[in-house]
Visitor: 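Got a structure here, written out as structure tokens. Questions coming.
Throughout, protein chains are lettered first and strands after them, A, B, ... in sequence-line order, and every chain is numbered starting at 1.
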Amino acid sequence: MLDLKLLRENPDAVRAGAMKKRLPDRAAAVDRALQIDGELRLLNPKLDVLRNEQKNASRDIGKLAPAEREAVLGKQKERKAELAGLEEREKQLRADLDQQLSLIPNVPDADVPEGKDDTENVEVRRVGTVRTFEFKPRAHFEIGEAQGWLDFERASKMAGSRNYFLFGDLALLHDAVLRYAVELLVGRGFTAVDPPLMVRDPAMFGTGFFPGGEEQTYRAEKDGLNLIGTSEVPVTSLHSGEMLAEGDLPKKYVARSACFRREAGTYGKDTRGLYRVHQFHKVEQVIVDVADKARSIEHHHAIVKNAEDMLTAFELPYRVVAVCGGDLGVPQAMKYDIETWMPSRNAYSETHSASRFYDYQARRLDIRYRPKDGGKPLVCHTLNNTVVASPRILIPLLENHQQADGTVRIPPALQPYLGGRAVIGKPLG
RNA sequence: GGAGAGGUGGCAGAGUGGCUGAAUGUACCGGUUUCGAAAACCGGCGUGGGGCAACCCACCGAGGGUUCGAAUCCCUCCCUCUCCGCCA
């Protein structure tokens, strides 16, 4: 949610922002919101006056003589009826305003490239060398199935498509990358979190996934709960409704959790292998800090670096892209994706997504802090980034580190989590 | 699942129908004192909206209702705690 003041003062920038995100219907919400706001601002003074009269009269009524009392009582009833009408109108307008405000996207920052979709994202840097194979490389699912590490058939039979079983050393590698990621971030001052996987609607709204993301979300209707698609939802919502002390900021969390996504509308896309699945595990970094744009940008670069350092430790080639307006989500002000090289796709593919929001999520979630100087409370800034998502990260790990005989080399950083082994798998015939 | 208690300002905690937007404590800000600090003392201090201002309006978990008037009474929901039952 944007500050209503920003909307009044600079509606053009907000409208232009929605257009940069290629969301014309959301841009239209700007004008609807302003129109409702205008009506409300006309109505409010009338209500204030009426309430004031009513309040004063009812306060004096106890002191009145019985004869005068009757007259005042009559007058009060009239006012009551009039107030009821206006208050009904006010309630309606407020609800409408909230609805329109919730539709208005965060304004993309100046450093967000212009563009319609992910094909127009702009590469910022490329790190590591793409390997040239002296043998015919296998896709991760070929290695996995041949090694007995992967079973899609039985998984989809019992759970539907886009589900998987991991076995043996691949299941252990999956756990290894998650553990490595948590420990890396804990070493950098983040607090480890194991959050709820099912949340109520306000957390989904607050983080900006609703309205809009309902179709991507599994829902336990009976209990009114939503399965999280990312721990960004429960962790960013952690301090919802709270008044933090500036001295307690920044809050830096690293959460490990399962994530669930319906992947509606992706039929026929990325159907083979572990790339697009309904359920995965992710280690996510979340920061809540003071309302300072420069500081948010610093954090943003720091959380991208955390992920890059992990990829470097995993010896994987990757690139960082600045996500263009058309590919940017509703709540984000700016986003970097990290794409890791996947030989079977012959492409860099998304493995990480680092967003900064400024106060957009925090305003929806009502996360504020009291400044050190004792001034008025301010709305916090929030950010988040993937540290690692698995099994997706297993794709580049298996494919980039495979050897001619079908075994897979384990980078030194991960060996301690696999009993010190430098290689997993047996030679394939 | 059954029975009961409760949700009030940053925090703690009074307040059961009429100048109560809310005592008190604590935290915080300013000052006095001090070489400096602590303590003590004095003053200020909820959030949001409107107004140049005096000041006005809303908000006591959320939403309805009763009443001239609701933090206070009634209903629904959410949450927390205690006891019993069940259970990974």
Visitor: In whole angstroms, how far is the P atom of C45(B) from the CE atom of Met243(A)?
Guide: 17 Å
Visitor: Among G10(B), G69(B), G48(B), which nucleotide has an atom closest to any side-chain atom of Pro377(A)?
Guide: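 Closest nucleotide to the Pro377(A) side chain: G48(B).
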Visitor: Find every protein N or O atom lying less than 3.5 Å from an N or O atom of nucleotides 54-59 of chain B, and list the pairs.
Guide:
from: C56(B); atom 1: O3'; to: Asn52(A); atom 2: ND2; distance (Å): 2.4
from: C57(B); atom 1: OP1; to: Asn52(A); atom 2: ND2; distance (Å): 2.7
from: C57(B); atom 1: O2'; to: Asp48(A); atom 2: OD1; distance (Å): 3.0
from: C57(B); atom 1: O2'; to: Arg51(A); atom 2: NH1; distance (Å): 3.3
from: A58(B); atom 1: OP2; to: Lys55(A); atom 2: NZ; distance (Å): 3.1

Visitor: Gln54(A) or Arg41(A): which one's nearest nucleotide on RNA chain B is closer to the 5' end?
Guide: Arg41(A)
Visitor: For nucleotides U20(B) and C74(B), find the distance between their P atoms and express it as a whole number of Å.
Guide: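 That atom pair is separated by 24 Å.
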Visitor: Could you tell me how far U26(B) sits from U34(B) if I compare only their P atoms? Round to whole Å.
Guide: 24 Å
Visitor: With no hydrogens and no angle check, is any side-chain donor or acceptor of Asn226(A) less than 3.5 Å from a backbone partner on Val199(A)?
Guide: yes
Visitor: So, do Tyr164(A) and Phe152(A) have ring centers that fall under 6.0 Å from each other?
Guide: no
Visitor: Could you give the CG-to-C1' distance, from Leu378(A) to G10(B), as a whole number of Å?
Guide: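 These atoms are roughly 15 Å apart.
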Visitor: Does C28(B) have OP1 or OP2 under 4.0 Å away from a side-chain N or O of Lys372(A)?
Guide: no
Visitor: Have a look at Glu242(A) and say if it touches a base, only the backbone sugar-phosphate, or nothing, with a 4.0 Å heavy-atom cut-off.
Guide: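 The answer is nothing, as Glu242(A) stays clear of every strand by at least 4.0 Å.
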Visitor: Please measure how far the C1' atom in A38(B) lies from the corresponding atom in U32(B), and state the result in whole Å.
Guide: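 Approximately 15 Å lies between the C1' atom of A38(B) and that of U32(B).
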Visitor: Take a 6.0 Å sphere around CZ of Arg421(A) and say whether it holds more than 12 heavy atoms from other residues, nucleotides or ligands.
Guide: yes
Visitor: Provide the Watson-Crick or G-U wobble partner of A71(B), both distances under 3.5 Å; none if there is no partner.
Guide: none
Visitor: What integer number of Å spans the P atoms of A62(B) and A71(B)?
Guide: 12 Å
Visitor: Looking at every strand, decide which applies to Arg8(A) at a 4.0 Å heavy-atom threshold: base, sugar-phosphate, or nothing.
Guide: sugar-phosphate
Visitor: Side chains of Asp337(A) and Ser353(A): donor-acceptor distance under 3.5 Å anywhere?
Guide: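 Result is yes, a qualifying pair exists.
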Visitor: Say we look at C78(B) and A27(B): how far apart would their C1' atoms be, to the nearest angstrom?
Guide: 30 Å
Visitor: For atom P, what is the distance between C56(B) and G21(B), given to the nearest Å?
Guide: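 After rounding to an integer number of Å, I get 11 Å for this pair.
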Visitor: Whole-Å distance between G18(B) P and Gln76(A) CD?
Guide: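 Spelled out: CD on Gln76(A) to P on G18(B) is 17 Å.
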Visitor: Any cation-pi pair here, Arg345(A) with Tyr275(A), using under 6.0 Å and within 45°?
Guide: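 Relative to the ring axis of Tyr275(A), which defines the angle, Arg345(A) lies inside both limits.
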Visitor: Mind calculating the distance between OH (Tyr369(A)) and P (G46(B)) to the nearest angstrom?
Guide: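 Between P of G46(B) and OH of Tyr369(A): 20 Å.
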Visitor: Using the P atom as the reference point in each nucleotide, state the distance between A3(B) and A58(B) in Å, no decimals.
Guide: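 To the nearest whole Å, 39 Å.
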Visitor: Give me the distance, rounded to whole Å, that separates G15(B) from U72(B) when you measure between the C1' atoms they each carry.
Guide: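 To the nearest whole Å, 8 Å.
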Visitor: Figure out the CG/P separation between Leu42(A) and G49(B), and round it to whole Å.
Guide: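 Computing the Leu42(A):CG to G49(B):P distance gives 18 Å.
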Visitor: Assuming nearest nucleotide by heavy-atom distance, tell me which of Lys77(A) and Arg368(A) is located more 5' along RNA chain B.
Guide: Arg368(A)
Visitor: Quick one: look up who A5(B) pairs with, Watson-Crick or G-U, both distances under 3.5 Å, and put none if it's unpaired.
Guide: U80(B)
Visitor: Within the distance-only criterion (no hydrogens, no angle test), does the side chain of Asn384(A) pair as donor or acceptor with the backbone N or O of Gln285(A) below 3.5 angstrom?
Guide: no
Visitor: If we call it a pair only when both distances are under 3.5 Å in a Watson-Crick or G-U wobble match, what pairs with G17(B)?
Guide: none
Visitor: Roughly how many Å is it from CD in Glu87(A) to C1' in G65(B), rounded to a whole number?
Guide: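 Those two atoms, CD and C1', are 14 Å apart.
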Visitor: Compute both the distance and the angle, then confirm whether Arg261(A) meets the cation-pi test with Tyr218(A): under 6.0 Å from the six-membered ring centre, within 45 degrees of the axis.
Guide: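 Output no; distance or angle outside limits.
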Visitor: How long is the line joining CG of Asp248(A) and P of C28(B), in whole Å?
Guide: 13 Å
Visitor: For G49(B), does OP1 or OP2 lie under 4.0 Å from any side-chain N or O of Lys5(A)?
Guide: yes
Visitor: Can you tell me if Lys80(A) touches the phosphate of G69(B), counting only side-chain N or O atoms and a distance under 4.0 Å to OP1 or OP2?
Guide: yes
Visitor: Could you walk me through whether Arg162(A) and Glu263(A) pass the salt bridge (charged side-chain N to carboxylate O under 4.0 Å, His left out) test, one step at a time?
Guide: CA-CA 9 Å; Arg162(A) 298 201 191 286; Glu263(A) 298 297 348; 5.7 Å; no
Visitor: Using both distances under 3.5 Å as the test, list the Watson-Crick or G-U wobble partner of A58(B), or none.
Guide: U47(B)
Visitor: Starting at NZ of Lys376(A) and ending at P of G46(B), how long is that distance when rounded to a whole Å?
Guide: 7 Å
Visitor: Using purine N1 to pyrimidine N3 plus N6-O4 or O6-N4 for Watson-Crick, or N1-O2 and O6-N3 for G-U wobble, both under 3.5 Å, which nucleotide pairs with C41(B)?
Guide: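 Base partner found: G31(B).
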Visitor: Do His381(A) and His299(A) make a side-chain contact, defined as non-hydrogen atoms from C-beta onward lying under 4.5 Å apart?
Guide: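 Result no, sub-4.5 Å side-chain heavy-atom pair not found.
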